[in-house]
Amino acid sequence: MNFKVTGLGLDKMRLDSPQSFLDTEEVEEGEDEQLLEPEAWRAYMEHRNVLRDFLTSDLSPHLLKRLHARMQLLKKCSYYIELLPKHLALGDQNPLVLPNTVFQLIDPWKFQRMKKVGTAQTKIQLLLLGDLLEQLDRGRAELDALLESPDPRPFLAGWGLVEQRLADLSAVMDNFLAMMVPGRLHTKHRLVSDIGATKIPHIRLMLSTKMPVMFDRKESVAHQDWVSLRWFVTIQPAVPEQFELRFKLLEPRTQQECTQCGIIPVATCTFDVHNLLPNRTYKFTVKRAESYTLVYEPWRDSLTLQTTPGPPGGPAPSRLGEPQSGLQ
């Protein structure tokens, strides 16, 4: 998107058309028109229409709302290093193209250094995206105030600066959209140590993004002494993923109750945790299982559920860790 103020077809705009001059927001235009000569008034209306078009298309409230939602999603994503042959595009994950043996040839120490570079690059990219989005919000507010200014003369006199502001905001938008896609990691040194005559394929390192893992809050339900948990990923991966589920009892009252916690590896998006205490509150968190290529995971979803009260005078549930423990 390369917005240019010139070339918008202003010379073809019918300035005498009702749509150009009659607007429900401009009931006082007759009084404003008396402040300017006819030619100046025509120029003012041309510039005003350009600004309004920009604010309703290139920088509309709906678009900014979508960008804010996308930004919040990026803050919850997981970021990984992906190794690709130079002739492949990001996302081609055919294991036959890059055998595991190639990964084994990479110097582990150098790869750990690249993971640190990837972590820093991801953090910087998220900070820059946040700053660009703030610039778009401020620019929108400034232009809105300018459009609502009751005196057309300062607007007309400063139109050159307004044109530059529109071009600057368009460039900011272009940068924001381009930066939403993780980029390439630049290596200063070879990742593969010298191994003689062995032919090493040309590889490149890319940052890839995985959508966050989130609990299904409608389907996750607490019962008297167990809970049924469900979670999902917005974009389903091509291959099954492994997850790590954590739980703990909030505000334990005895030393025995402190054992009401655990870390459970799960290979599906559903899990039932049994042998919990009735009428108590538990916190659950879920994330992907740890991966060697993970570089940054700033967020994990958590869910708090309270088990239902047990029957008066009923037997106490089994404690976690006893032989009849029912983690499933």
Side-chain angles (χ1 to χ4, degrees), residues 1-75 120-184:
M1 179 183 67
N2 293 317
F3 177 84
K4 296 183 179 180
V5 176
T6 59
L8 293 178
L10 297 180
D11 55 328
K12 299 179 181 179
M13 187 181 295
R14 293 185 57 193
L15 299 178
D16 57 345
S17 64
Q19 185 177 0
S20 299
F21 288 97
L22 299 180
D23 192 291
T24 55
E25 299 178 357
E26 300 173 352
V27 294
E28 298 181 356
E29 281 187 2
E31 298 178 3
D32 294 341
E33 188 173 1
Q34 298 176 1
L35 301 175
L36 300 172
E37 296 295 329
E39 288 300 319
W41 175 253
R42 290 169 66 89
Y44 167 70
M45 291 306 300
E46 288 180 5
H47 300 336
R48 186 179 174 86
N49 287 335
V50 170
L51 180 56
R52 182 186 289 109
D53 289 343
F54 182 84
L55 293 177
T56 55
S57 57
D58 299 72
L59 202 59
S60 67
H62 177 68
L63 177 57
L64 285 177
K65 183 178 179 179
R66 287 175 53 193
L67 295 182
H68 274 279
R70 180 65 178 175
M71 184 68 211
Q72 292 305 311
L73 183 62
L74 289 174
K75 290 180 179 179
Q121 183 170 316
T122 302
K123 291 180 178 180
I124 292 173
Q125 189 165 341
L126 290 174
L127 288 173
L128 289 176
L129 282 171
D131 180 70
L132 292 173
L133 194 53
E134 289 181 4
Q135 291 183 45
L136 293 175
D137 287 333
R138 289 197 303 268
R140 166 81 200 190
E142 293 170 1
L143 295 178
D144 261 333
L146 185 62
L147 192 63
E148 298 300 323
S149 175
D151 190 348
R153 290 171 295 187
F155 179 95
L156 193 59
W159 177 245
L161 296 177
V162 176
E163 285 185 309
Q164 184 59 51
R165 187 66 171 135
L166 298 184
D168 291 343
L169 288 173
S170 293
V172 171
M173 178 68 76
D174 288 343
N175 290 336
F176 182 89
L177 296 176
M179 288 188 62
M180 282 200 301
V181 180
R184 179 177 179 180

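Here CD of E163 is found 12.0 Å from CZ of F54. Values are rounded to the nearest 0.5 Å. The line from CE of M180 to CG of L132 is 11.0 Å long, rounded to the nearest 0.5 Å. Distance check, rounded to the nearest 0.5 Å: OG of S57 to CZ of R52 gives 12.0 Å. Between R138 atom CZ and L143 atom CG the span is 12.5 Å, to the nearest 0.5 Å. Atom CD of E142 and atom CG of L169 lie 7.5 Å apart (nearest 0.5 Å). Distance CG/L128 to CG/L133: 12.5 Å, rounded to 0.5 Å.
Scanning both residues, V181 and Q125, for their nearest heavy atoms gives O-NE2, 3.5 Å. Pairing each heavy atom of L166 with each of W159, the nearest pair is CD1-CH2, 4.4 Å.
Remark: side-chain polar atoms of D131 are not paired, donor with acceptor, to backbone N or O of L127 under 3.5 angstrom.
Between F155 and H47, the ring planes lie tilted relative to each other; the angle falls in the 30° to 60° range.
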M173 and D58: CA distance, side-chain angles, deciding distance, side-chain contact (heavy atoms from CB on, under 4.5 Å) verdict: CA-CA 9 Å; M173 178 68 76; D58 299 72; over 6 Å; no
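For D144, the side chain to side chain contact (heavy atoms under 4.5 Å, CB included) partners at least two apart in sequence or on another chain are L55, R140.
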Pairs under 3.5 angstrom only: tabulate donor-acceptor contacts from the side chains of residues 63-75 to other protein residues two or more places apart or in another chain.
from : atom 1 : to   : atom 2 : distance (Å)
H68  : NE2    : D137 : OD1    : 3.2
H68  : NE2    : D137 : OD2    : 2.8

